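Please read these numbers as outputs of a predicted model, since none were measured by experiment. Atom set for the values below is all heavy atoms of this structure, side chains included, hydrogens, waters and symmetry mates excluded.
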Amino acid sequence: MAAKILLINESTEECRNIKEILNDFDVLVANNASDAIEKLTTDEEIDLALIDLALPKKDAFKIIAVMKNNELNKKVRIVILTQDEQIGEEAKALRFGAGDYVRKPFSPAGLRARLHVQLEILRQQKHSDFEEEERNSIFKMIFEQAPIGI
């Protein structure tokens, strides 16, 4: 199954270009913050959010904050798209919870490589969480069935 990516960008043309570059992924598009937040709060299968930092009114930071405070989205990886004049904003976004950034103009191969790295991190986290759950359930089962008392 292809990873599900939410692309949050105002530019219809840029969205079309990015969707073409990421044609082997399941790409959803949101053109504003309210649409993005709605999709993030209703779709549990989103793996990664690709957010343009050039959204108006610092909406990118609002979206990141909503994602980090929403239990459903805490594990969604965040990659931001920036421009040269937003260099200081990149560090701020990383402090807010973004995992990586891609500076525009970007190469298609570079964008795909960064997203693959983030998706691999996500896969490793899910695997680690599964192993931890398994260890906890085994411990609980042994503890509850132990023939000893306090």
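Two residues are said to be in side-chain contact when any heavy atoms from C-beta on lie closer than 4.5 Å; Glu14 and Asp52 meet this criterion. You'll find the side chain of Leu55 reaches within 4.5 Å of the side chain of Ile8, heavy atoms only. Asp43 places a side-chain heavy atom less than 4.5 Å from the side chain of Leu28. Val27 places none of its side-chain heavy atoms less than 4.5 Å from the side chain of Lys4. Using a 4.5 Å cut-off on side-chain heavy atoms (C-beta onward), Ile51 and Leu81 make no contact. Val79 places a side-chain heavy atom less than 4.5 Å from the side chain of Leu115. The shortest side-chain heavy-atom distance between Ile63 and Leu40 falls under the 4.5 Å cut-off. By the 4.5 Å heavy-atom criterion applied to side chains, Thr82 and Lys104 are not counted as neighbours.
Going from atom CG of Leu6 over to atom CG of Asp26 covers 10.5 Å, rounded to the nearest 0.5 Å. Residue Arg123 holds its CZ atom at 14.0 Å from CD of Gln118, rounded to the nearest 0.5 Å. Taking CG of Asn23 as the reference point, atom NZ of Lys19 lies at 11.0 Å (rounded to 0.5 Å). The NZ atom of Lys39 sits 11.5 Å away from atom OG1 of Thr41, with the distance rounded to the nearest 0.5 Å. In this structure, CZ in Phe96 is found 9.5 Å from CD in Glu89, a value given to the nearest 0.5 Å. Residue Glu44 holds its CD atom at 9.5 Å from CG of Asn73, rounded to the nearest 0.5 Å.
Val102 and Ile78 sit in two unconnected hydrophobic clusters of ILVMFWY residues. Membership requires side-chain heavy atoms under 4.5 Å apart, directly or through other members. Side-chain heavy atoms closer than 4.5 Å link hydrophobic residues (I, L, V, M, F, W, Y) into clusters, and following such links, possibly through other members, connects Phe106 to Ile5.
Looking at every heavy atom in both residues, Leu94 comes nearest to Gly99 through CD2-C, 4.0 Å. Closest approach of Ala49 and Val76 over heavy atoms only: N-CG1, 3.8 Å. Closest approach of Glu90 to Gln83, counting heavy atoms only: OE2-O, 4.5 Å. When all heavy atoms of Leu53 and Ala60 are compared, the pair lying nearest together is CD1-CB, 3.8 Å. Across all non-hydrogen atoms, the minimal contact from Gly97 to Ile64 is N-CG2, 4.3 Å. Of all the heavy atoms in Ala98 and Ile80, the pair that sits closest is CB-CG2, 4.1 Å.
Salt bridge present: Asp24 and Arg112 bring a charged side-chain N and a carboxylate O closer than 4.0 Å. Between Arg16 and Glu13, no side-chain nitrogen of the basic residue sits less than 4.0 Å from a carboxylate oxygen of the acidic one, so the salt-bridge criterion is not met. Taking a cutoff of 4.0 Å between a charged side-chain nitrogen and a carboxylate oxygen, Asp100 and Arg77 do not qualify as a salt bridge.
Side-chain atoms of Asn70 never come within 3.5 Å of backbone atoms of Val66 as a donor-acceptor pair (strictly under, hydrogens ignored).
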Checklist entry - Can Lys75 and Asp47 be said to form a salt bridge (Lys or Arg N to Asp or Glu O under 4.0 Å), step by step? => result CA-CA 8 Å; Lys75 296 196 180 186; Asp47 298 306; over 6 Å; no
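Phe25 pairs in a side chain to side chain contact (heavy atoms under 4.5 Å, CB included) with only one of the listed residues (Leu50, Leu48, Leu119), which is Leu119.
A donor atom on one side chain and an acceptor atom on the other are not found under 3.5 Å apart for Asn31 and Glu10. A donor atom on one side chain and an acceptor atom on the other are not found under 3.5 Å apart for Asp35 and Asn32.
For the pair Lys92 and Phe61, the distance from NZ or CZ to the six-membered ring centre is under 6.0 Å and the angle to the ring normal is within 45 degrees.
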